[in-house]
Number of protein chains: 2
Amino acid sequence: MDSSTEEKIYDAARRIFILKGMEGARMQEIADEAGMNKALLHYYFRSKENLFKAVFKDIFAKFFSRVKGTLNSDITAKEKLMVFIDNYIDLIAANPYVPQFIINEINRDPKVLKSMMLESGAEPQMILSMFLNEIQSNNASKIDPRHIVVSLLGMLIFPFAGRPLLQMIYFNDDAQAYNQFLMERKIIVKNMILKFIEG
Amino acid sequence: MDSSTEEKIYDAARRIFILKGMEGARMQEIADEAGMNKALLHYYFRSKENLFKAVFKDIFAKFFSRVKGTLNSDITAKEKLMVFIDNYIDLIAANPYVPQFIINEINRDPKVLKSMMLESGAEPQMILSMFLNEIQSNNASKIDPRHIVVSLLGMLIFPFAGRPLLQMIYFNDDAQAYNQFLMERKIIVKNMILKFIEG
DNA sequence: GAATAGATTAACTAAATGGTTAAAAAAAAT
DNA sequence: ATTTTTTTTAACCATTTAGTTAATCTATTC
């Protein structure tokens, strides 16, 4: 790999921070992961806090604005929601530690979240609930879309965050079987949400 | 409070560990919280690891075997499930940081989980899925009960774990409104699960 | 090709942290 | 009352950790 030193540091920090969190990560470990002297991390990023913020901002933005991508197509709102569920499970499967990492760091220091919301403009978060509102528009018994969003995200994220627990209890610690289970969830979650929205 | 020194340490450790996790917690902080000298923690519990295990074991057992309580009554399986949902939301509301704490610690060191499962006997975890199996028994299109368990737990836990995020985005940081939202979820989650089980 | 600026390293510092110890204080036993 | 045991404390120790520094190495400029 011929990426620049700064990129190497950034990538190494990303891996370590996601795995161990801001407090659990060690600057020396990041330096080792990047294959260089620890002083270089400070040379390029000045402090651990700085390095962490740079990494966290990107990770958060990527995971949070994922909805946008599915928006720009000619399918119906309901179909868009189905595509979103498929894509989001794939996204988490490719980054299984990220959602828990985000939740932990926001709980640890909610101030970071505030500044990020302001920077990115406060709208993108509302997209999903607007979606659901549109789908429900012809329905008589409208449910607060926030309940649906929270239920949906819970159903998507929990099987990844609780994996060690669930895999041991319900799958006899068979990782292969659990992976299959995770992919099955695409259909399950879509069914559940549809049934609930359409009454 | 006239509880013994050992109890004071235990209670203080419980509070701090839940809030900061095993690695984030400081022995000095626990000593301060308990109002005594740090050396006493070692006098009574020998090491941080020991103290943590004592605390974690109890917390885990309490949260995990909560199902048993709702079992011993004369209502139908479906009704029992509804009672479970109500009780579990109340339990988490009274201990909002606990589920995330458990998930984090199990991810950090899955070995602890294994030893605990063996100690407590491996059955209690299966109860909930047996429940669901019974409810579905008269239904044509049976769904793997594990999918329902995971969906249910995700819907119950996520609104608490993701609170800072969700409250800010969807509730304009109004804690009061979010508390109401959490209690509304009792009805919402029950409805969702019922609709899904009954087809 | 010497001078200059930027990149990299090894060695160091100061603060924090889990754990220890020896002595003092309190309680129990004689 | 005095000894003995248990509980509690202040001071200390060894290790870890984020961050610094001065020196070296490397590339660029003149």
Side-chain angles (χ1 to χ4, degrees), chain A residues 1-59 97 101 104-109 111-112 115, chain B residues 1-59 97 101 104-109 111-112 115:
Chain A
M1 56 181 69
D2 52 347
S3 52
S4 73
T5 302
E6 191 171 339
E7 276 172 341
K8 276 187 209 155
I9 294 173
Y10 182 92
D11 292 343
R14 206 191 121 93
R15 287 192 291 275
I16 301 293
F17 277 136
I18 287 176
L19 235 54
K20 313 228 168 158
M22 157 71 182
E23 284 177 342
R26 299 284 163 251
M27 292 298 266
Q28 185 58 60
E29 194 181 2
I30 295 172
D32 292 347
E33 174 88 7
M36 61 184 61
N37 191 287
K38 178 168 68 91
L40 277 183
L41 312 199
H42 291 97
Y43 182 77
Y44 283 98
F45 290 90
R46 221 180 76 241
S47 71
K48 185 183 183 182
E49 181 78 19
N50 250 16
L51 179 54
F52 176 78
K53 274 184 186 162
V55 168
F56 185 69
K57 222 176 263 186
D58 289 359
I59 293 174
Y97 299 107
F101 166 73
N104 279 335
E105 294 305 326
I106 286 174
N107 272 286
R108 190 182 57 84
D109 179 15
K111 278 173 291 180
V112 189
S115 65
Chain B
M1 56 181 69
D2 51 349
S3 53
S4 73
T5 301
E6 191 171 340
E7 276 172 342
K8 275 188 210 153
I9 294 173
Y10 182 92
D11 292 343
R14 206 190 121 93
R15 287 192 290 275
I16 302 294
F17 277 136
I18 287 176
L19 235 54
K20 314 229 169 156
M22 157 72 182
E23 284 177 342
R26 298 286 162 246
M27 292 297 267
Q28 186 59 59
E29 196 181 1
I30 294 173
D32 292 346
E33 173 89 6
M36 62 185 61
N37 191 288
K38 176 167 71 93
L40 278 183
L41 311 199
H42 290 96
Y43 180 75
Y44 283 99
F45 290 91
R46 222 178 76 238
S47 71
K48 185 183 182 183
E49 182 78 18
N50 250 15
L51 179 55
F52 177 78
K53 275 183 184 161
V55 167
F56 185 69
K57 222 176 262 187
D58 289 358
I59 292 173
Y97 298 106
F101 166 72
N104 279 334
E105 294 306 324
I106 285 174
N107 272 286
R108 188 180 58 83
D109 178 16
K111 279 173 290 179
V112 190
S115 64

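Convention: sequence-line order gives letters A, B, ...; per-chain numbering from 1.
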Distance (rounded to the nearest 0.5 Å) between Leu51(B) CG and Arg14(B) CZ: 12.5 Å
Interatomic distance where NE2 belongs to His42(A) and P belongs to dT9(C) [whole Å]: 15 Å
Ile16(B) CD1 to dG18(C) C1', straight-line distance once rounded to whole Å: 16 Å
Arg108(B) to Phe52(B) six-membered ring, cation-pi geometry met (6.0 Å, 45°): yes
Check against salt bridge (Lys or Arg N to Asp or Glu O under 4.0 Å), Lys20(B) and Glu29(B): CA-CA 11 Å; Lys20(B) 314 229 169 156; Glu29(B) 196 181 1; 2.9 Å; yes
Whole angstrom value for the distance that separates P of dA18(D) from CD of Gln28(A): 9 Å
Separation of atom CZ in Phe45(A) from atom C1' in dT20(D), rounded to whole Å: 19 Å
Phosphate contact (dT8(D) OP1 or OP2) by Thr5(B) side-chain N/O below 4.0 Å: yes
Spatial distance of atom OH (Tyr43(B)) from atom CE (Met36(B)) [nearest 0.5 Å]: 12.5 Å
Atom-to-atom span, CE of Met22(B) to P of dT17(C) - whole angstrom: 14 Å
Separation of dT7(D) P from Met36(B) CE (nearest whole Å): 12 Å
Sugar-phosphate only, base, or nothing, as touched by Tyr44(A) at under 4.0 Å among non-hydrogen atoms: sugar-phosphate
Any donor-acceptor N/O pair, Lys48(A) side chain to Leu41(A) backbone, under 3.5 Å: no
Nucleotide nearest Tyr43(B) (side chain, heavy atoms from C-beta), chosen from dT9(D), dT7(D), dG19(D): dT7(D)
Sugar-phosphate only, base, or nothing, as touched by Ala31(A) at under 4.0 Å among non-hydrogen atoms: nothing
Side-chain donor/acceptor of Lys48(B) to base of dG19(C), under 3.5 Å: no
Selected nucleotide, minimal atom distance to Leu40(A) side chain, candidates dT21(C), dT9(C), dA18(D): dT9(C)
Phosphate OP1/OP2 of dG18(C) contacted by Arg26(B) side-chain N/O (<4.0 Å): yes
Nucleotide dT9(C), atom P - distance to NZ of Lys38(A) in whole Å: 13 Å
Euclidean distance, atom CG of residue Leu41(B) to atom C1' of dT9(D) [Å, nearest integer]: 13 Å
